[in-house]
2 protein chains.
Amino acid sequence: MAAPRKSSSNRRATVSIRDVARRARVSIATVSRAVNRVPTVDPDLAKRVWKAVAEVGYVPNTQARALVSGRSHILGLIVSEITNPFFPELVQEFENLAVAQGYEVMIGSTNYDAERTEQLIRRMLQRSVDGVAVMTFGIEEDIIKRLVEPDFPLVFVDAGPDLPNIRLLKVNYDEGIREAVQHLAALGHREIAFISGPLRLRSAAARRDAFRKSMADLGLAVPARHLVEGDHTLEGGMAAIEKLAALPELPTAVVCSNDMTAIGVLHGLFRTTYKVPEDISVVGFDDIHLAQFVLPPLTTVQMSCNSLAAAAVQALRAGIEPENARAPQSEWPIATHLVVRRSTTFPRGTLPALKRKAASAKAGKK
Amino acid sequence: MAAPRKSSSNRRATVSIRDVARRARVSIATVSRAVNRVPTVDPDLAKRVWKAVAEVGYVPNTQARALVSGRSHILGLIVSEITNPFFPELVQEFENLAVAQGYEVMIGSTNYDAERTEQLIRRMLQRSVDGVAVMTFGIEEDIIKRLVEPDFPLVFVDAGPDLPNIRLLKVNYDEGIREAVQHLAALGHREIAFISGPLRLRSAAARRDAFRKSMADLGLAVPARHLVEGDHTLEGGMAAIEKLAALPELPTAVVCSNDMTAIGVLHGLFRTTYKVPEDISVVGFDDIHLAQFVLPPLTTVQMSCNSLAAAAVQALRAGIEPENARAPQSEWPIATHLVVRRSTTFPRGTLPALKRKAASAKAGKK
DNA sequence: CGCATTGCGGAAAACGCTTTCTAAAACAGA
DNA sequence: TCTGTTTTAGAAAGCGTTTTCCGCAATGCG
């Protein structure tokens with residue numbers, strides 16, 4: 001059907017290890033060893049090989065390499081929604097690190113859809129990725145467990161099946177959310193609402209629980225009407241704040257499960273007569289880039305996607321190359337911390353408990 | 001060094017074409033043909049093969065397939081900045097289409113950096129992608145030309161070297177920008193400024209030129225001080241509007257080269273006493289998702305990333321599988337159109353030229 | 001019924017690489 | 001000088017596919 005490959009391939013003229021071998025007058029085995037820096041090859045020979053490599057412009061064929069070595073040097077990265085601004089930041093960082101360590105990245109987003117997720121994993125396995133980081137924050141782990149061999153390197157966030165091949169990135173939600181709640185309480189807030197993400201996400205539930213715990217620890221009540229379920233989108237945030245605004249009396253502060261929700265709240269409130277932060281303080285979660293640029297700049301809990309990405313890559317490599325792993329670590333802690341900007345201040349008519357904090361927050365103008 | 005592969009591979013237990021062949025009592029050649037739906041194989045045999053495939057859970061090894069067929073079924077997609085919200089939308093669409101057509105996608109962002117771009121292309125070639133869509137809107141085409149064989153399928157946006165392997169996605173900036181300018185002129189604006197992107201980007205220059213042309217055609221002057229160069233980021237938009245605000249008299253409307261810039265303008269103006277749209281009308285470009293949700297919702301020129309992605313995938317396939325290509329098309333037109341929202345209205349004290357348009361824009365409340 | 005033709009499945013040769021196995025050379029010790 | 005040991009490079013066996021080539025059986029035709 002096709003013309004003989006040799007004569008006129010319509011792919012790029014492929015220069016193979018054989019060409020290098022011929023040029024350097026050595027066997028292909030030696031070329032392979034030299035290129036892979038196997039130490040037993042004579043330095044002079046190696047030099048000759050490298051020269052030939054440069055001369056003929058040799059680039060090893062990754063497919064062939066993967067075929068024989070069983071390693072593709074590709075890491076799978078599964079996120080929930082590439083269009084949610086948090087994830088591109090994560091993806092970028094992950095990719096930078098992976099590439100720096102000799103890996104390629106295969107990205108996919110689940111869009112919270114089980115079938116799509118299954119497809120995605122299948123595709124990744126078919127491309128024989130060396131491991132997968134599942135950064136969806138808590139969805140579909142059963143699908144993954146079902147599709148994947150029990151010794152396949154996997155990284156989950158927060159929680160996952162307790163198997164030796166699975167590494168966990170444990171995000172310390174409590175820490176940052178406690179800081180947020182204490183910050184609000186210190187400003188004088190007592191009525192604080194929480195807009196969660198979709199509760200089937202482990203991370204969403206975890207954040208909500210952290211909120212409740214922090215409130216309880218301060219002796220503050222959280223009536224059911226102050227816990228609204230959102231969906232981690234801007235639109236969801238707008239809808240949620242509308243629900244809260246419909247209450248006989250509004251809480252004086254709202255903590256949101258992610259920044260997009262918080263931004264939605266900001267936008268929702270712009271349409272009302274309520275002002276942020278004077279009437280209502282708003283706190284986000286994630287600290288996406290955009291958070292600094294909304295109006296007012298968003299006070300939020302930072303979950304560093306740098307450390308998240310770094311931990312994920314490290315953890316994956318630990319699973320893929322056990323020989324290079326240092327400590328056989330199975331849990332990787334991720335810190336979270338409050339970043340105070342302008343979207344929080346003391347409630348109208350309430351004197352702040354802590355002068356200092358109030359002063360810094362007060363700088364928020366409009 | 002390693003244990004004999006057969007006995008205890010630490011990769012997933014790989015079931016190969018041989019296992020299927022054994023099970024179906026046919027040769028591996030037949031399995032291959034059946035799996036690839038070659039029509040010459042007897043339907044009964046094919047059925048037997050498929051049954052065996054299902055029974056042993058066979059999944060073809062893409063690496064081996066790529067090695068022998070010379071096609072990886074991977075499309076490269078190069079964008080400038082994955083963290084610019086326009087691109088994730090594009091990426092998502094591109095990926096959906098590619099996957100639906102049997103391709104995988106390898107994504108990379110240049111971050112406007114030449115060295116990084118070169119690295120990226122090298123990586124893509126090393127993974128032997130079947131073709132690359134360069135959606136950076138005009139950067140580094142020389143790098144690509146240098147690294148890539150002259151018959152390698154390539155897709156560029158706007159313009160590129162005139163080679164037979166290169167397909168061009170021709171975005172019709174004129175159309176949408178003309179609509180924007182006419183819309184503003186119809187509302188009564190005469191002093192309209194333009195904030196461009198980085199002018200070394202072809203697309204940025206093209207948008208600016210389209211703006212100048214549209215203005216000229218309406219007999220409107222564009223003094224140099226009304227042409228500000230931005231950088232397509234939110235921060236750049238804020239900086240640019242500050243520059244304009246420092247002018248003895250502000251223009252009554254600003255057209256921006258992309259939505260992030262426009263959003264930056266919105267934010268910049270919030271810090272002043274000027275109101276959008278009452279004091280200044282703002283128009284964006286791209287129509288990213290966020291544009292609907294800023295305050296006020298942004299009037300913008302929509303460049304459909306759906307059609308952009310669709311055209312890119314189609315054009316790539318046309319280059320990769322010439323046998324399946326319909327018309328040997330080398331230019332793919334992309335339309336742009338104005339979407340009127342709330343960030344534009346007639347200038348203070350000016351009666352709109354066109355009653356109707358003004359009425360629809362007037363709906364903007366605040 | 002015999003011969004040419006067609007249809008279809010199997011054997012085997014790649015694809016480009018890694019890695020094992022083997023053998024040659026170099027060296028040391030007796 | 002010969003044997004035994006250590007290097008180090010080459011030969012060759014795969015890795016899991018696709019695809020060509022070949023041969024066998026079945027069919028059509030005279």
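The analysis underlying the following values was restricted to heavy atoms, covering all of them including side chains, and did not include hydrogens, waters or symmetry mates. Numbers restart at 1 for each chain; the letters A, B, ... are given by sequence-line order, proteins then strands.
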In whole angstrom, what separates B/Gln63's CD from D/dG16's P?
11 Å

Nearest atoms (heavy-atom pairs only) where A/Asp130 meets A/Tyr103:
OD2-CE2, 3.7 Å

Counterpart residues, ring pair (Phe, Tyr, Trp, His ring centres under 6.0 Å), relative to A/Phe87 (two or more places apart)
none

Name the pairs: protein N/O against N/O of nucleotides 6-13 of chain D, kept only if under 3.5 Å.
| unit_1 | atom_1 | unit_2 | atom_2 | d |
| --- | --- | --- | --- | --- |
| D/dA9 | OP1 | A/Asp42 | N | 3.3 |
| D/dA9 | OP2 | A/Asp42 | N | 3.4 |
| D/dG10 | OP2 | A/Ser27 | N | 3.0 |
| D/dG10 | OP2 | A/Ser27 | OG | 3.1 |
| D/dG10 | OP2 | A/Thr30 | OG1 | 2.5 |
| D/dG10 | N7 | A/Arg33 | NH2 | 2.8 |
| D/dG10 | O6 | A/Arg33 | NH1 | 3.4 |

About how many Å separate CD1 of B/Ile143 and CD1 of B/Ile121, when rounded to the nearest 0.5 Å?
7.0 Å

B/Leu67 CG to D/dG16 P, straight-line distance once rounded to whole Å
12 Å

Please give, in whole Å, the distance from C/dG16 P to B/Asn61 CG?
16 Å

Euclidean distance, atom OH of residue B/Tyr58 to atom P of D/dG16 [Å, nearest integer]
10 Å

Provide, to the nearest angstrom, the distance between the CZ atom belonging to A/Arg71 and the C1' atom belonging to C/dT18.
13 Å

So, are A/Glu104 and A/Arg127 salt-bridged, with charged N and O less than 4.0 Å apart?
no

Please report the distance, rounded to the nearest Å, between CZ in B/Arg65 and C1' in D/dT17.
8 Å

Starting at atom NE2 of A/His73, determine the distance to atom P of C/dC17, rounded to an integer number of angstrom.
15 Å

Lys/Arg-Asp/Glu bridge criterion (N-O < 4.0 Å) met for A/Lys145, A/Asp142:
no

Take the protein atom CZ of B/Arg48 and the nucleotide atom C1' of C/dG10, then report the distance between them rounded to whole Å.
13 Å

To the nearest 0.5 Å, tell me how far B/Gln119 CD sits from B/Thr110 OG1.
13.0 Å

Overall bend - the helix from C/dC1-D/dG30 to C/dA30-D/dT1, comparing terminal axes fitted on five pairs, nearest 10 degrees:
50°

Rounded distance (nearest 0.5 Å) linking atom CG of B/Leu90 with atom OG1 of A/Thr83
12.5 Å

Heavy atoms, side chains only, cut-off 4.5 Å: are B/Val49 and B/Arg33 in contact?
no

Any Lys/Arg nitrogen of A/Arg146 or A/Glu118 sitting under 4.0 Å from an Asp/Glu carboxylate oxygen of the other?
yes

Phosphate oxygens OP1/OP2 of D/dC15: is one of them under 4.0 Å from a side-chain N or O of B/Thr14?
no

Give a yes/no on whether any side-chain N or O of A/Asn36 is located under 4.0 angstrom from OP1 or OP2 of C/dT18.
yes

